[in-house]
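The analysis underlying the following values was restricted to heavy atoms, covering all of them including side chains, and did not include hydrogens, waters or symmetry mates. Quick note on labels: first sequence line is chain A, next is B, and so on, each numbered from 1.
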Amino acid sequence: MTKEEILKDLKTDTFGQTIFCFDTIDSTNLYSKTLSKTKAPHGTLIIAEEQTAGRGRMQRNWVSLKGKNLLFSIILYPDFIIEKTALLPFAGSLAVCDAIETVTGLSSTCKWPNDVLVNKKKVCGMLLESTTENASIEKIILGIGVNVNQEEFPEDLKYKASSLKNESGIEINRITLLQKILEELELRYEQLAHFPSSQLMNDWKMKALLFGKKITVLEHEFSYTATAIDVADDGRLIIQTDDGTKRSILAGDVSLAYT
Amino acid sequence: MDLKYVKQLLELVEKSTVNEIEVEEKGHKIRITKAAAGSASAPMLHAMMPSFPHQVMMPAAPALPAEVSSASEAKPAAPIAETKKYHEIKSPIVGTFYRSPSPEAGPYVDVGTKVKQGTVLCIVEAMKLMNEIESDTAGTIVKVCVDNTKPVEYGQVLFLVEP
């Protein structure tokens with residue numbers, strides 16, 4: 001994948017207009033952290049065919065076969081309030097979800113707050129990182145990994161993860177998909193910046209997988225089952241625990257309970 | 001809120017080493033704090049209007065194992081006069097406080113760690129947005145004010161730094 005291929009027919013104003021392309025890199029997020037604002041303006045894309053230290057939340061490994069998938073980071077300098085910044089994971093997952101549907105025709109869903117699933121299997125994960133100084137968020141790195149044409153998955157992930165090729169049965173053009181994701185991301189970013197948060201959140205809820213379903217919540221050291229009810233406009237997941245009490249959660253791992 | 005339940009909470013706080021707890025139920029929120037941290041004085045009760053209408057309820061007492069188990073880790077807060085001379089590092093967002101980049105890794109900083117401006121002190125996570133909180137001053141960490149993996153509010157003091 002080259003810069004020229006990505007830029008050709010890319011219909012965005014800023015997202016992906018500055019590109020750093022790598023064959024192999026430790027992690028696109030790590031590299032993004034080293035770039036200054038002058039070198040990497042708002043919307044800069046860092047993309048690699050392979051990562052040697054790909055990570056997810058809590059430094060979990062993100063394994064991906066070389067040249068098969070999309071592994072990239074976008075650098076953002078949000079100029080809106082910090083409460084909206086916390087909703088970027090929703091903007092990201094919704095953008096990927098819409099792009100997948102347009103390009104592959106596969107129906108996809110969002111799992112709180114930022115995973116994208118096809119047939120209840122994870123095809124896209126995200127890691128958002130930011131640095132905060134003087135109580136304001138300067139720079140956000142939105143790391144995205146999409147399983148596109150990878151066919152083999154490790155035994156322990158087989159029933160939880162998949163790729164767009166495995167689910168659709170056809171080889172997907174990665175550049176077309178990337179361009180569509182960048183376009184959708186730019187739109188969702190603008191929606192978040194210029195409209196009330198409820199607009200983005202209402203759109204996201206239309207794609208939400210968990211509502212009304214039994215889920216397992218893993219919060220730090222303990223886990224419990226609950227029913228997902230709603231997502232508040234500030235992004236919190238509202239759940240009802242088995243004893244009937246309602247509460248909202250801000251962080252933690254949530255998965256469908258198979259009971 | 002049931003008065004008996006409030007009484008139970010007061011007793012719970014009094015007997016434990018926890019200095020402050022906050023409980024929200026059916027639109028009523030109470031915060032119980034000990035008058036002087038670390039002393040044996042009686043806990044104080046503050047009734048508040050809910051600040052987050054969506055955060056409807058915390059689990060009832062039996063569902064609080066995490067809170068109780070953390071009691072032994074909680075350190076008495078420094079007296080107010082003492083905190084004044086230290087620089088406070090506050091949380092810019094509501095989220096979950098992590099002292100290390102992963103559960104296996106060691107903490108970014110500890111009491112006694114010398115930090116520079118820009119040194120990463122911790123992560124505050126909100127909806128999988130991992131915010132690395134940097135020190136905005138040079139100095140030495142004198143206190144870590146929050147236990148690992150605990151929720152933090154906007155503006156809550158996370159660290160005290162001696163310039």
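Paired with A/Leu88 under the rule side-chain contact (heavy atoms from CB on, under 4.5 Å), one option of A/Leu192, A/Asn114, A/Leu185 passes, and it is A/Leu192.
For A/Lys139, no part lies near chain B; criterion is any non-hydrogen pair under 4.5 Å. For A/Ile140, the part sitting under 4.5 Å from any heavy atom of chain B is the side chain, from C-beta outward, and nothing else. For A/Tyr224, no part lies near chain B; criterion is any non-hydrogen pair under 4.5 Å.
The ring of A/Tyr189 has its center closer than 6.0 angstrom to the ring center of A/Phe80.
In this structure, NZ on A/Lys207 lies 11.0 Å from OG on A/Ser93, to the nearest 0.5 angstrom.
A perpendicular orientation is assigned to the rings of A/His42 and A/Phe15, their planes being inclined by more than 60° (bins at 30° and 60°).
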